[in-house]
K.L.:
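Before I ask anything, here is the structure I am working with.
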Amino acid sequence: MSTAEAASAPALCARLEAALPGRVAAGVSLARLGRWRIGGPVDLVVTPDSPAAVARAVAILADSGVRWTVIGEGSNVLFDSAGHRGVILRIGPDLGGYRADPSTGEVAAEAGIWVPCFVRRTLSLGLAGCVHAIGIPGMLGGLVAMNGGSQRRGIGEQIVEVTAVDPAGRLQRFDRDACGFAYRTSVFQQNGAVIVAARFRYAPGDAGALRREAVAIMAARRRKFPNRLPNCGSVFVSDPALYATLGPPGAAIEAVGLKGTRAGGARISPLHANFIVNEGGAGSDDVLRLIALARRRVFDATGIAMRSEVLHLPPDGPLRPAHDAVPELVGQAGREGAA
Ligand SMILES: Cc1cc2nc3c(=O)[nH]c(=O)nc-3n(C[C@H](O)[C@H](O)[C@H](O)COP(=O)(O)OP(=O)(O)OC[C@H]3O[C@@H](n4cnc5c(N)ncnc54)[C@H](O)[C@@H]3O)c2cc1C
């Protein structure tokens with residue numbers, strides 16, 4: 001049985017439904033699961049509500065041999081307009097527990113808590129160290145997997161331990177060293193484990209001052225980043241060599257004249273050139289063309305190939321960096337030109 005057949009097979013659906021009653025849905029539109037609001041139908045979506053439920057789901061998926069992908073809020077994922085043959089394991093707010101002890105600075109949270117909510121609750125207890133993440137949409141598990149952050153910080157810095165379900169369905173603990181945190185990546189991008197919870201240790205701070213800092217960060221983000229149109233945040237990761245020549249990716253894309261360039265319904269944001277917005281009706285190929293175009297033009301100008309932070313989920317394969325998806329599409333965007 002091929003992976004595609006297995007994903008939609010009634011037997012698999014029935015097994016998952018028996019193990020996770022009411023938490024399996026077929027034929028869901030991926031456009032509903034990702035921040036770009038782009039994507040065709042996926043065979044199955046499973047939404048567990050406890051670490052044990054994640055372990056049960058993963059064990060069944062591993063046993064079936066079906067292709068499956070874990071996501072949080074889809075705020076860093078470009079789903080394909082052709083959809084996806086496989087299973088999406090979605091770690092969302094039903095797995096959103098939070099516990100903190102302000103006297104020790106220990107915070108324990110489940111992977112489906114919304115990041116701004118995690119940060120606000122932590123700041124309100126007078127614990128410092130995560131304020132940089134206040135404006136980042138997404139679930140905690142996704143943020144940890146990406147080692148996301150802002151202001152040159154990463155969420156991994158204060159992690160004590162991550163609990164994850166390994167690809168065979170067993171709960172495992174990873175201390176900080178085992179998490180392999182580096183700039184916008186971690187071992188969880190490679191090892192196929194599903195993060196279900198994380199423990200942090202934060203230093204004491206002044207709740208009022210932290211709140212003011214959070215407000216300032218949010219105001220700066222509102223000013224700098226496009227908020228009104230669907231997008232997935234920064235498309236390309238910063239690169240020291242590029243930084244030394246044209247600056248951060250947004251400045252580099254602007255310097256090569258692409259700010260505001262459209263492809264179909266997608267556009268390199270006229271506000272911040274490292275963002276691609278869906279102006280309405282964009283397809284995944286529109287976004288991929290713009291990614292390929294920006295990468296090619298910056299490469300022609302500097303000899304540096306930018307790497308995308310955003311991941312693409314193809315119809316018949318695993319998540320991959322979006323720039324790996326369409327080198328051949330270079331040249332098809334830009335004809336529509338900058339507005
Ligand atoms: C407007 C906007 C602004 C943004 N600003 C920032 C920013 O300032 N800094 C920043 O770092 N990012 C930023 N992002 C990107 C994004 O919000 C983060 O990467 C976010 O943490 C991803 O979380 P998610 O739940 O949406 O993960 P998803 O996008 O769903 O997944 C991202 C990756 O994490 C993996 N993953 C998700 N959940 C789990 C899990 N439980 N276990 C294991 N792997 C998992 C997925 O397989 C995938 O590889 C921004 C995005 C938007 C839309």
Side-chain angles (χ1 to χ4, degrees), residues 30 33-37 39 45 47-48 51 54 57-58 68-79 86 88-93 95-96 109-119 130-156 162-167 172 174 179 181 183-198 217-218 220-222 224-238 248 250 269 271-272 274-278 308-313 318-322:
L30 288 168
L33 304 185
R35 282 241 161 195
W36 253 314
R37 302 287 174 249
V45 177
T47 312
V54 174
V58 171
W68 60 276
T69 306
V70 58
I71 67 162
E73 205 187 350
S75 61
N76 217 23
V77 176
L78 174 63
F79 293 116
I88 294 283
L89 191 61
R90 191 171 184 231
I91 307 298
L95 193 58
E110 288 183 328
I113 189 170
W114 200 52
V115 169
C117 173
F118 169 84
V119 175
C130 61
V131 66
H132 65 92
I134 181 72
I136 304 180
M139 306 307 177
L140 187 65
L143 191 72
V144 172
M146 299 293 300
N147 192 22
S150 73
Q151 306 185 315
R152 301 176 198 280
R153 307 284 304 271
I155 192 74
V162 169
T163 306
V165 172
D166 74 12
Q172 305 264 359
F174 296 74
C179 292
F181 291 119
Y183 182 64
R184 300 297 172 256
T185 190
S186 75
V187 73
F188 304 104
Q189 291 284 304
Q190 261 90 52
N191 68 2
V194 178
I195 298 166
V196 293
I217 291 172
M218 287 304 292
R221 290 178 70 95
R222 270 196 295 273
K224 284 195 294 194
F225 302 150
N227 296 308
R228 282 201 288 273
L229 293 170
N231 70 77
C232 264
S234 297
V235 172
F236 294 101
V237 286
S238 207
S269 168
L271 185 63
H272 191 307
N274 199 20
F275 284 61
I276 294 177
V277 294
N278 178 359
S308 64
E309 175 177 330
V310 165
L311 306 162
H312 171 242
L313 186 66
L319 275 174
R320 57 186 170 177

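For ligands, and for the atoms within them, numbers begin at 1 and follow the listed sequence. Just so it is clear, the values below take in all heavy atoms, side chains as well, and ignore hydrogens, waters and symmetry mates.
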K.L.:
Around atom 42 (N) of ligand 1, find the nearest protein heavy atom and jot down its residue, atom name and distance.
P.N.:
Ile195 N, 2.8 Å
K.L.:
Are any non-hydrogen side-chain atoms of Trp68 and Val58 less than 4.5 angstrom apart?
P.N.:
yes
K.L.:
I'd like the name of whichever of Gly135, Ser234, Gly138, Gly233 reaches closest to atom 52 (C) of ligand 1 through any heavy atom.
P.N.:
Gly233
K.L.:
Can you list the atoms of ligand 1 that are under 4.0 Å from a heavy atom of Cys232?
P.N.:
51 (C), 52 (C), 53 (C)
K.L.:
What atoms in ligand 1 come closer than 4.0 Å to a heavy atom of Arg35?
P.N.:
53 (C)
K.L.:
Using a 4.0 Å cut-off to any heavy atom of Val194, which atoms of ligand 1 qualify?
P.N.:
42 (N)
K.L.:
Keeping Ser308 on the side-chain end and Ala322 on the backbone end, is there a donor-acceptor pair under 3.5 Å?
P.N.:
yes
K.L.:
Between Ser75, Pro321, Gly154, Ala198, flag the one that comes closest to atom 20 (C) of ligand 1 by a heavy atom.
P.N.:
Ser75
K.L.:
Please work out, at 4.0 Å between heavy atoms, whether the side chain, the backbone, both, or neither of Val70 comes within that distance of ligand 1.
P.N.:
both
K.L.:
Do Val162 and Phe188 come close enough that some side-chain heavy atom pair is under 4.5 Å?
P.N.:
yes
K.L.:
Quick one, Ile88 and Leu30 - any side-chain contact, counting heavy atoms below 4.5 Å?
P.N.:
yes
K.L.:
So if I count the atoms of ligand 1 from 1 in the order they appear, which ones are less than 4.0 Å from some heavy atom of Ile91?
P.N.:
41 (N)
K.L.:
Determine the sole option in Leu95, Val70, Leu33 for which the side chain to side chain contact (heavy atoms under 4.5 Å, CB included) test with Arg90 is passed.
P.N.:
Leu33
K.L.:
Please round to the nearest 0.5 Å and tell me the distance separating atom CZ of Arg35 and atom CG of Leu78.
P.N.:
15.0 Å
K.L.:
Got Val77 and Leu319 here, is their nearest side-chain heavy-atom distance under 4.5 Å?
P.N.:
yes
K.L.:
Using a strict 4.0 Å cut-off to heavy atoms of Gln189, name the atoms of ligand 1 that fall inside it.
P.N.:
33 (C), 34 (O), 49 (O)
K.L.:
Considering only heavy atoms, which of Asn231, Leu313, Thr185 lies nearest to atom 53 (C) of ligand 1?
P.N.:
Asn231
K.L.:
side-chain contact (heavy atoms from CB on, under 4.5 Å), that's the test. Do Asn147 and Ile155 meet it? Break it down for me.
P.N.:
CA-CA 5 Å; Asn147 192 22; Ile155 192 74; 4.0 Å; yes
K.L.:
Any chance you could measure Asn191, atom CG, to Ser186, atom OG, to the nearest 0.5 Å?
P.N.:
7.5 Å
K.L.:
Counting only heavy atoms, tell me which of Ser150, Gly149, Gly141 gets closest to atom 39 (C) of ligand 1.
P.N.:
Gly141
K.L.:
Provide, to 0.1 Å, the distance between atom 31 (O) of ligand 1 and the closest protein heavy atom, together with that atom's residue and name.
P.N.:
Val77 CG2, 3.9 Å
K.L.:
Do side-chain atoms of Asn274 reach the backbone of His272 as a donor and acceptor pair under 3.5 angstrom?
P.N.:
no
K.L.:
Counting both backbone and side chain atoms, is some N or O of Glu73 under 3.5 Å from an N or O of ligand 1?
P.N.:
yes
K.L.:
Can you find an N/O atom of Leu311 closer than 3.5 Å to an N/O atom of ligand 1?
P.N.:
no
K.L.:
Among all protein heavy atoms in this structure, tell me which lies nearest to atom 5 (N) of ligand 1, with the distance rounded to 0.1 Å.
P.N.:
Arg221 NH2, 2.9 Å
K.L.:
When only distance counts, is Met146 in polar contact with ligand 1, meaning an N/O pair under 3.5 Å?
P.N.:
no
K.L.:
For Leu319, which part has a heavy atom under 4.0 Å from ligand 1: side chain, backbone, both, or neither?
P.N.:
side chain
K.L.:
Given side chains that start at C-beta, do those of Trp36 and Ile276 come closer than 4.5 Å, heavy atoms only?
P.N.:
yes
K.L.:
Compare all side-chain heavy atoms of Thr69 with those of Pro318 and state whether any distance is below 4.5 angstrom.
P.N.:
no
K.L.:
Checking a contact table here: which protein heavy atom is nearest atom 28 (P) of ligand 1, and how many Å away?
P.N.:
Gly74 N, 3.7 Å
K.L.:
Would you kindly specify which portion of Met139 sits under 4.0 Å from ligand 1, judged on non-hydrogen atoms: side chain, backbone, both or neither?
P.N.:
both
K.L.:
Check whether any side-chain heavy atom of Ile71 lies under 4.5 Å from a side-chain heavy atom of Met139, and answer yes or no.
P.N.:
no
K.L.:
Name the closest protein heavy atom to atom 13 (C) of ligand 1, giving the residue it belongs to and the distance to 0.1 Å.
P.N.:
Ile136 CG2, 3.7 Å
K.L.:
Among all protein heavy atoms in this structure, tell me which lies nearest to atom 17 (O) of ligand 1, with the distance rounded to 0.1 Å.
P.N.:
Pro137 O, 2.6 Å
K.L.:
Tell me the nearest of Ala145, Pro318, Ser186 to atom 34 (O) of ligand 1, using heavy-atom distances.
P.N.:
Ala145
K.L.:
Can you find a heavy atom in the side chain of Val115 that is under 4.5 Å from one in the side chain of Glu73?
P.N.:
no
K.L.:
Closer than 4.0 Å to some heavy atom of Glu309 - which atoms of ligand 1 meet that?
P.N.:
12 (N)
K.L.:
Please could you name the atoms of ligand 1 that Leu143 approaches to less than 4.0 Å, counting only its heavy atoms?
P.N.:
21 (O), 23 (O)
K.L.:
Could you check atom 37 (C) of ligand 1 against the protein and tell me its nearest heavy-atom contact, residue, atom and distance included?
P.N.:
Gly142 CA, 3.4 Å
K.L.:
Tell me the protein heavy atom at minimum distance from atom 15 (C) of ligand 1, and give that distance in Å.
P.N.:
Asn76 OD1, 3.7 Å
K.L.:
Find all atoms of ligand 1 within a distance of less than 4.0 Å from any non-hydrogen atom belonging to Gly148, and give their numbers and elements.
P.N.:
11 (O)
K.L.:
Nearest 0.5 Å, please: how far is CD1 in Ile136 from CZ in Arg221?
P.N.:
5.5 Å
K.L.:
Would you kindly specify which portion of Ala193 sits under 4.0 Å from ligand 1, judged on non-hydrogen atoms: side chain, backbone, both or neither?
P.N.:
backbone
K.L.:
Give a yes or no on whether the backbone of Ser150 and the side-chain of His132 come within a donor-acceptor separation of less than 3.5 Å.
P.N.:
yes
